[in-house]
Every structure is written in structure tokens, then in C-alpha cells.
2 protein chains.
Amino acid sequence: MRIGELAARAGTTTRTLRYYESRGLLPARRDELGHRAYDERDLRALQQIRTLQHFGFELEETRPFVECLRAGHPEGDSCPASLAVYRRKLDELDALIGELAAVREKVAGQLTRAERARDELAAEALVPGGPEPVCELGGRER
Amino acid sequence: MRIGELAARAGTTTRTLRYYESRGLLPARRDELGHRAYDERDLRALQQIRTLQHFGFELEETRPFVECLRAGHPEGDSCPASLAVYRRKLDELDALIGELAAVREKVAGQLTRAERARDELAAEALVPGGPEPVCELGGRER
DNA sequence: GCTTGCCCTGACGTCGGCGTCAACCCGTAC
DNA sequence: GTACGGGTTGACGCCGACGTCAGGGCAAGC
């Protein structure tokens with residue numbers, strides 16, 4: 001199998017495969033013409049990489065999985081090093097989700113506070129003299 | 001106030017302030033020597049930018065807040081355009097948190113599945129013949 | 001012979017938000 | 001004088017995971 005076919009079967013691009021090779025992640029044999037030659041195991045490894053990438057793993061973090069497969073194990077996560085990456089990723093995800101949730105609450109608080117301030121200002125404007133100019137920046141709210 | 005003082009008071013760097021100016025976000029007057037001159041309103045605007053940045057807002061997303069302040073409003077979020085950014089950010093955060101939570105569950109599932117497979121293999125190895133070689137990649141688990 | 005289609009290497013571009021020089025100017029203190 | 005501590009502009013570096021050219025090769029089909 002050559003690079004174009006592998007890329008197509010894995011739903012990626014030849015550029016990506018060359019990049020992986022340049023990183024030493026997915027080395028390729030060469031045929032007599034100097035073209036890269038791949039087999040089904042390379043496809044397995046590539047699919048493993050893509051799956052993890054889709055999960056947000058960095059390329060380097062997929063390396064233990066690929067090496068595990070190349071060592072002949074049935075799955076990329078059959079090795080302790082892969083499990084360690086899983087656990088590290090879980091911790092990272094938990095931390096990140098926690099931070100994002102905290103930010104979300106802060107932003108939500110800011111929004112409600114700002115909306116209340118706006119409404120109070122609008123109510124004031126209706127009571128005493130004429131309506132004072134409100135902000136025009138941003139046009140009508142959609 | 002010159003650039004160094006403003007940077008120090010806002011807890012940032014002169015490089016950052018020059019960058020903001022280059023983006024048109026925080027323009028500066030110049031004194032007779034050509035040095036940038038700032039006032040307290042610039043400090044307010046800068047603090048607004050930094051706060052939002054800390055929340056994960058992109059620089060461009062802070063622009064409505066800064067313009068709102070420069071238009072003379074009491075707060076950066078006194079304008080509809082700022083509120084719209086808040087709302088958009090909330091949506092983005094909710095979507096992102098949702099995706100991350102889904103990934104987290106998938107990774108957790110993968111981990112437990114891989115651990116179970118490993119344990120089953122270890123149990124097998126104890127029963128029939130001699131213990132078959134397990135994976136050595138990754139050394140001892142910490 | 002010429003086009004088409006695949007492959008090759010090498011190298012620059014992308015995005016955001018600056019960090020980090022380089023080379024220079026200016027005023028003040030020693 | 002000269003060293004120091006500010007300021008100025010301009011330009012390149014960084015990170016990750018590739019996209020996108022430029023320029024060339026080789027084989028098959030017409």
C-alpha cells in the first residue's frame with residue numbers, strides 16, 4: 001500500500017503521513033522507487049493515532065500506543081505506558097473542565113449583573129425628566 | 001503615565017501594551033519626546049482587557065468592552081455589543097464543556113476496558129502453563 | 001510525444017499573543 | 001565622559017499540526 005491509499009483509507013492526507021514519519025511516529029519502508037510502503041499494521045497504528053487525536057491527545061501522547069502496537073500487542077492500550085497516558089489525560093480533562101465551569105459561572109454572573117444594571121438605568125430614565133441617552137454601540141440586540 | 005508604569009500597574013509588560021496598540025485596541029497619546037502617554041482611563045481599559053483575557057476571551061472579543069469604556073460608559077459591559085459577547089462566550093463554553101465531558105467519559109471507558117483486559121490476561125497466565133510474557137513497555141506503573 | 005496521476009523533497013505559511021533581540025535615542029546621576 | 005534606566009521601531013522566534021506551494025521524477029495510457 002502506498003501513501004495515497006493509506007491516507008484515503010484512514011481519512012487523512014498524505015501530508016499528515018509524511019509529517020508523522022518526520023516525527024518518527026509512523027516510519028515507512030520504501031519500495032524500489034523510493035515510494036513509501038505501508039501494510040495493514042500501519043493502518044491500525046494510524047487509526048489509533050487518529051482516534052486519540054480526535055480525543056484531543058497531542059501527537060507525542062499517542063506515541064506509547066503506537067509503540068505498543070508495534071511491539072505486537074493486540075491493542076495500543078495493552079501497555080502500562082498507554083494506561084499512564086490515559087490517566088494523565090483524565091486528570092488534565094478534569095482540571096480543564098473544572099476551570100472552564102468556574103469561568104462559565106463567572107461570565108454568567110457578569111452577564112446577569114450587567115443586564116440588571118442596564119435595566120435599572122432604563123427604569124430610571126422613564127421616571128424623572130426625559131429619557132437619557134443609552135448606549136448605541138452594538139446596534140439593536142439580535 | 002508612561003508605558004513602563006502602566007504595564008507595572010496592570011501587571012503586564014510593555015511589549016504587551018505595544019502589541020495592543022498595534023492591534024488598535026489601546027491607542028496611546030504621545031508626549032513631546034514621542035513616548036506613549038497613558039491616563040487612568042487607559043488603566044481601566046487595560047484591566048478590562050486583562051480580566052477578559054483571563055477568562056479565555058480572545059483579544060478581538062475584548063474590543064467591544066474597551067470601546068464601550070472609551071465611549072464614556074461606567075463599565076465595559078454597559079453596551080449591548082459587550083452583552084452579546086458574553087452570551088456568545090457562554091454558548092461557546094457550554095459547548096466546549098459538553099464536548100470535553102463526553103471525551104472524558106470515552107477516555108475513562110477506554111481506561112477501564114484496557115485495565116480489565118490486562119487483568120484478565122494476567123489471570124489467564126496464572127492458570128494453564130507458565131506465565132506468558134506481558135508487556136514491558138512503560139516500566140513499572142507509578 | 002504528451003498528458004495524467006501518483007510519488008518525492010524542501011521550505012515557507014498559518015494562527016494568537018506575545019518574548020526576545022538589535023540598534024538607536026534621551027535625560028539624569030556619578 | 002560614561003554608565004544607567006527609561007523610551008523608540010523593526011523584525012524574527014515560538015508553539016502544534018499540518019496546508020500549500022515549488023520543482024522534479026517515474027509509469028501508464030492515448
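The chains referred to below are lettered A, B, ... by the order of the sequence lines, with proteins before strands, and numbering in each begins at 1. Here the structure is a predicted model, which means the values were calculated and not measured.
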Please evaluate the base of dG7(D) for a donor-acceptor partner in the side chain of R2(B) within a cut-off of under 3.5 Å?
-> no
Per atom distances to the R30(A) side chain, the nearest of dG7(D), dT9(C), dC26(C) is dT9(C)
What distance separates L83(A) CG from Q110(B) CD, expressed to the nearest 0.5 Å?
-> 11.0 Å
Would you kindly give the CD-to-P distance between E5(B) and dG7(D), to the nearest whole Å?
-> 10 Å
Contact class for R23(A) (heavy atom, under 4.0 Å): base, sugar-phosphate, or nothing?
-> nothing
Ignoring backbone atoms, test whether T13(A) places a side-chain nitrogen or oxygen under 4.0 Å from the OP1 or OP2 oxygen of dG19(D).
-> yes
For the atom pair CG (L46(B)) and CD (Q53(B)), what is the distance rounded to the nearest 0.5 Å?
-> 10.0 Å
Donor-acceptor pair present, R18(A) side chain and dT9(C) base, under 3.5 Å | no
Within the side chain of D39(B), is there an N or O that forms a donor-acceptor pair under 3.5 Å with the backbone of D42(B)?
-> yes
Side-chain N,O (T16(B)) to OP1/OP2 (dG17(C)) below 4.0 Å = no
When you measure from the side chain of Y20(A), which nucleotide among dG17(C), dT8(D), dC18(D) comes out closest?
-> dC18(D)
Does dT9(C) have OP1 or OP2 sitting under 4.0 Å from an N or O in the side chain of R36(A)?
-> yes
Whole-Å distance separating the CG atom of L6(B) from the C1' atom of dG6(D) = 15 Å
To the nearest angstrom, how far is R15(A) atom CZ from dG16(D) atom P?
-> 15 Å
